[in-house]
Q: 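Sharing a structure here in structure tokens format.
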Amino acid sequence: MSLESRSDDGVPELTARVVRAAFPKGTLAIRIREVLGTLFTDEDFAGAFPDRGRPAISPGALALVSVLQYAEGLSDRQAADQVRARMDWKFLLGLELDDPGFDFTVLGDFRSRLITHGLEERVLEAALARLSGAALLRAGGRQRTDSTHVLAAVRTLNRMEFVGETLRAALEVLAAAAPDWLTPLISPAWVQRYGAKVDNYRFPKGEDVRREWAKQVGRDGFALLDAIDETAAPVWLREVPAVRVMRQAWAEQYHRDGQGVRWREGRDLPPGRDRLSSPYDTDARYGVKRGSGWCGYKVHLSETCEPDAPHLITNVETTDATVNDTEVTAQVHQHLAERELKPREHVVDAGYVTAAHILAAREDHGIDLVGPVGIDTHHSGRDTQAPDLTQAAFKTDWEARNVTCPGGAVSGSWSQQRKASGTPLVRVHFALADCDACPLRPRCTKAANGKWGRSLTLLPREQQQILEEQRAEQQTDAWKERYNVRAGVEGTISQAVRRTHLRRTPYRGQSKTRLANVLSATALNIIRVDAWLNETPLGTTRVSHLARLTLAA
């Protein structure tokens with residue numbers, strides 16, 4: 001389909017007259033149209049449509065319907081029906097009352113085009129541009145960011161379920177695509193093992209028996225892969241997606257050598273970030289946060305939080321579940337800068353903050369990153385009545401490249417090193433003779449190296465100074481009051497979960513999940529603009545009946 005630009009001549013007169021008579025107090029769709037006009041134009045999505053071919057249904061209209069769909073929790077079919085049946089939707093879209101709408105499958109095709117052309121963020125960016133033009137959004141001020149988990153649209157599998165279901169998925173595809181080739185390879189035992197969905201409760205009892213079952217699955221899988229790799233087998237079998245997934249999974253889960261097939265264990269397994277979690281969603285990963293694990297993704301939402309303007313989501317980042325919050329901070333700042341929506345102050349929790357991030361935010365973007373840094377953990381752990389010595393008690397002379405301890409001893413070793421992640425650091429050691437005779441030794445840490453006494457680990461100079469300043473500042477009441485605004489972003493996540501089901505993606509794959517998260521965020525923005533226009537106050541924190549009794553007492 002080609003893009004055929006649609007001119008917006010406003011709402012048809014009959015549609016406007018009937019809708020205003022039917023809804024004298026207005027609806028969300030009516031108010032958004034009256035304040036923001038045409039929220040999306042066809043040119044916003046021109047990159048997803050060719051210049052030639054059959055004319056397409058207006059991409060701007062499809063984008064708007066997609067956002068309304070998330071705002072009201074509708075399926076594709078229900079959303080297409082609303083375009084035909086709802087007068088206020090026709091008002092928002094600028095349609096005649098007798099407009100027949102479109103087939104619901106067009107919405108899925110529109111999403112696919114956005115993903116194929118890398119335009120997942122375009123819906124949010126276009127909406128933010130319109131909101132900025134209407135003076136409802138501006139750069140500067142304060143913003144806040146937080147993340148939450150997103151469950152993949154697949155089951156969470158343990159390792160044995162995973163390998164069994166991966167082999168079953170490949171066999172199902174091959175049985176449909178190449179039945180004549182597969183039939184001689186399978187046996188009744190294979191049908192018994194892989195004929196139905198692999199579930200943990202169907203496994204044999206006993207740890208040893210289960211491990212042997214997992215090895216048998218491994219042997220069966222290698223036998224199938226060997227048959228596919230034979231020269232007599234059709235070459236195209238090797239390119240079947242389910243087969244390629246199984247090949248990757250077997251490399252991650254098994255060893256095969258002269259001793260046979262062995263089950264990988266412990267450190268022999270690839271890290272979670274590089275290991276498949278489901279044969280049906282190869283982007284999903286298994287993540288753990290605060291003791292809770294899930295298979296899927298993580299979404300990071302950034303929003304404005306000024307008291308004299310609506311709180312609008314300005315950025316959405318979608319990662320797999322294993323990505324730490326600290327890895328996203330720089331990306332959030334870069335995207336906000338590209339949209340010309342950089343905040344003056346960015347308030348986040350401890351997961352997004354390091355001294356390096358604070359420094360980079362200031363130097364690269366002029367942003368004051370506000371969040372608690374890690375406390376000084378240099379303590380002895382011994383039972384002493386006096387407090388433990390922290391890094392703040394040691395004086396660092398960066399020019400002379402030495403450190404003086406509270407007892408007056410000067411360090412004897414200063415070396416620049418790097419963590420395994422590549423982060424630079426400075427390692428400082430004191431002489432063992434100085435530390436053994438020091439009366440402050442019970443309050444100091446134990447030596448990491450028997451050759452030396454007390455040791456310190458420092459960041460590069462600028463980062464270390466920022467770290468020390470931040471540790472001192474975040475103990476003050478003024479900083480705590482300034483930081484209190486961060487808690488409001490949890491209400492945004494709660495609203496997104498309740499209104500748009502943010503914590504469960506309806507699609508498989510990170511690109512589709514990212515688009516779903518962007519549509520959710522854009523839907524929340526128009527809901528919030530409508531609430532702002534209606535002067536609806538922000539919701540208060542919900543308190544249980546039991547908590548109310550306690551507060552009253």
Side-chain angles (χ1 to χ4, degrees), residues 115 120 147-173 193-194 196-203 210-211 213-218 220-222 224-225 240-256 261-300 317-328 351 497 501-517:
I115 293 169
E120 296 95 334
S147 66
T148 189
H149 62 273
V150 178
L151 302 180
V154 294
R155 287 191 299 146
T156 299
L157 306 172
N158 62 38
R159 284 186 65 197
M160 287 195 293
E161 286 177 317
F162 168 69
V163 294
E165 192 63 18
T166 300
L167 179 51
R168 189 184 79 86
L171 289 172
E172 282 290 297
V173 172
R193 277 194 293 271
Y194 315 116
K197 182 173 68 174
V198 178
D199 274 316
N200 188 58
Y201 73 90
R202 291 179 178 166
F203 290 156
R210 288 191 170 206
R211 290 174 68 86
W213 185 91
K215 290 181 181 179
Q216 183 61 56
V217 173
D220 292 344
F222 279 121
L224 179 62
L225 291 174
V240 173
V243 171
R244 298 175 69 176
V245 169
M246 192 185 81
R247 196 182 297 277
Q248 179 181 345
W250 256 237
E252 295 170 356
Q253 301 291 338
Y254 292 102
H255 277 302
R256 183 169 62 163
V261 175
R262 290 181 290 116
W263 189 236
R264 289 181 183 264
E265 296 284 359
R267 294 186 178 181
D268 194 30
L269 284 165
R273 182 171 296 188
D274 301 326
R275 194 165 70 238
L276 296 175
S277 295
S278 169
Y280 304 112
D281 188 343
T282 55
D283 292 335
R285 293 293 183 267
Y286 187 80
V288 178
K289 187 173 183 179
R290 298 191 186 97
S292 297
W294 76 99
C295 176
Y297 305 93
K298 190 185 289 186
V299 61
H300 306 258
E317 302 290 344
T318 302
T319 67
D320 70 64
T322 64
V323 175
N324 293 323
D325 293 350
T326 185
E327 300 176 59
V328 180
V497 171
H501 310 292
L502 185 73
R503 282 208 181 111
R504 186 177 293 275
T505 176
Y507 310 118
R508 295 177 182 177
Q510 186 167 329
S511 296
K512 292 181 179 179
T513 299
R514 179 166 65 243
L515 178 57
N517 293 339

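Every value quoted in this text rests on a predicted model; they were computed, and no experiment measured them.
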Q: Check the surroundings of atom CZ in Arg262: do more than 12 heavy atoms from other residues, nucleotides or ligands lie under 6.0 Å from it?
A: yes
Q: Can you say whether the rings of Trp250 and Phe222 are parallel (under 30°), tilted (30 to 60°) or perpendicular (over 60°)?
A: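 Perpendicular, since the angle between the ring planes exceeds 60°.
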Q: Could you tell me if Tyr297 and Asn517 have a donor-acceptor pair between their side chains, going purely by distance under 3.5 Å?
A: no
Q: Quick check: closest heavy atoms across Thr166 and Ala249, and the distance to 0.1 Å?
A: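 Where Thr166 meets Ala249 most closely, the heavy atoms are CG2-CB, 4.1 Å.
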Q: Is Asn158 reaching over with its side chain to a backbone N or O of Glu161, donor-acceptor style, under 3.5 angstrom?
A: yes
Q: Counting C-beta onward and ignoring hydrogens, is there a side-chain heavy-atom pair between Val217 and Met160 closer than 4.5 Å?
A: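 No. Closest side-chain heavy atoms not under 4.5 Å.
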Q: Would you please test Thr319 and Glu327 for side chain to side chain contact (heavy atoms under 4.5 Å, CB included) and show each step?
A: CA-CA 10 Å; Thr319 67; Glu327 300 176 59; over 6 Å; no
Q: For Arg504, is the CZ atom crowded, meaning more than 12 foreign heavy atoms sit under 6.0 Å from it?
A: no
Q: If we ignore hydrogens and angles and just use 3.5 Å, is the side chain of Tyr254 paired with the main-chain N or O of Gly218 as donor and acceptor?
A: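 Flag set: sc Tyr254 to bb Gly218 pair under 3.5 Å.
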Q: What distance do Arg256 atom CZ and Leu225 atom CG have between them, rounded to the nearest 0.5 Å?
A: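 Taking CZ in Arg256 and CG in Leu225, the distance rounds to 7.5 Å.
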Q: Would you give the length of the straight line joining atom CD of Gln216 to atom CZ of Arg193, rounded to the nearest 0.5 angstrom?
A: 4.5 Å
Q: Check the pair Glu172 / Tyr194 against side chain to side chain contact (heavy atoms under 4.5 Å, CB included), numbers first and verdict last.
A: CA-CA 9 Å; Glu172 282 290 297; Tyr194 315 116; over 6 Å; no
Q: Nearest 0.5 Å, what's the OG1-CG distance between Thr318 and Asp283?
A: 11.5 Å
Q: For the residue pair Thr322 / Asp320, report whether a side-chain donor-acceptor contact shorter than 3.5 Å exists.
A: yes
Q: Where do Lys512 and Thr505 land on the side chain to side chain contact (heavy atoms under 4.5 Å, CB included) test, with the steps shown first?
A: CA-CA 9 Å; Lys512 292 181 179 179; Thr505 176; 6.0 Å; no
Q: Measuring from atom CD of Gln253 to atom CD of Gln248, what distance do you get when rounded to the nearest 0.5 angstrom?
A: 10.5 Å
Q: Given Lys289 and Ser147, is the side chain to side chain contact (heavy atoms under 4.5 Å, CB included) satisfied, shown in steps?
A: CA-CA 11 Å; Lys289 187 173 183 179; Ser147 66; 3.5 Å; yes
Q: Would you call Asp325 and Lys298 a side-chain contact if the rule is heavy atoms closer than 4.5 Å?
A: yes
Q: So, do Ser278 and Arg508 sit near enough that their side-chain heavy atoms are less than 4.5 Å apart?
A: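 Answer no - side chains too far apart.
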Q: Is Arg159 close enough and on-axis enough to Trp263, meaning under 6.0 Å and within 45°, for cation-pi?
A: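 That pair qualifies as a cation-pi contact.
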Q: Would you say Leu269 and Glu252 make side-chain contact, with heavy atoms under 4.5 Å?
A: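 No, their side chains stay 4.5 Å or more apart.
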Q: Determine whether Leu224 and Met246 make a side-chain contact, defined as any pair of heavy atoms from C-beta on separated by less than 4.5 Å.
A: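 Counting from C-beta outward, Leu224 and Met246 do come under 4.5 Å.
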Q: Measuring from atom CG of Leu157 to atom CG of Asp199, what distance do you get when rounded to the nearest 0.5 angstrom?
A: 8.5 Å
Q: Which atoms form the tightest heavy-atom contact between Ala170 and Ala242, and what is the distance?
A: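 It is CA-CB, 3.9 Å.
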Q: For the residue pair His300 and Val328, what are the closest heavy atoms and their distance?
A: NE2-CG2, 3.6 Å
Q: Given 3.5 Å as the limit, does a donor-acceptor pair link the side chain of Arg264 with the main chain of Ala251, or not?
A: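 Side chain of Arg264 to backbone of Ala251, a donor-acceptor pair under 3.5 Å: yes, one is there.
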Q: I want to check something: taking the side chain as every heavy atom from C-beta on, are Thr156 and Tyr286 in contact at a cut-off of under 4.5 Å?
A: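 Thr156 vs Tyr286: side chains touch.
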Q: Mark yes or no for whether Arg285, through its side chain, and Arg275, through its backbone, hold a donor-acceptor pair below 3.5 Å.
A: yes
Q: Is the shortest side-chain heavy-atom distance between Leu151 and Arg503 below 4.5 Å?
A: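 Of all side-chain heavy-atom pairs linking Arg503 with Leu151, none is under 4.5 Å.
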Q: Below 4.5 Å, heavy atoms only, C-beta onward: do Asp220 and Leu167 meet side chain to side chain?
A: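 SC-SC contact between Asp220 and Leu167 confirmed.
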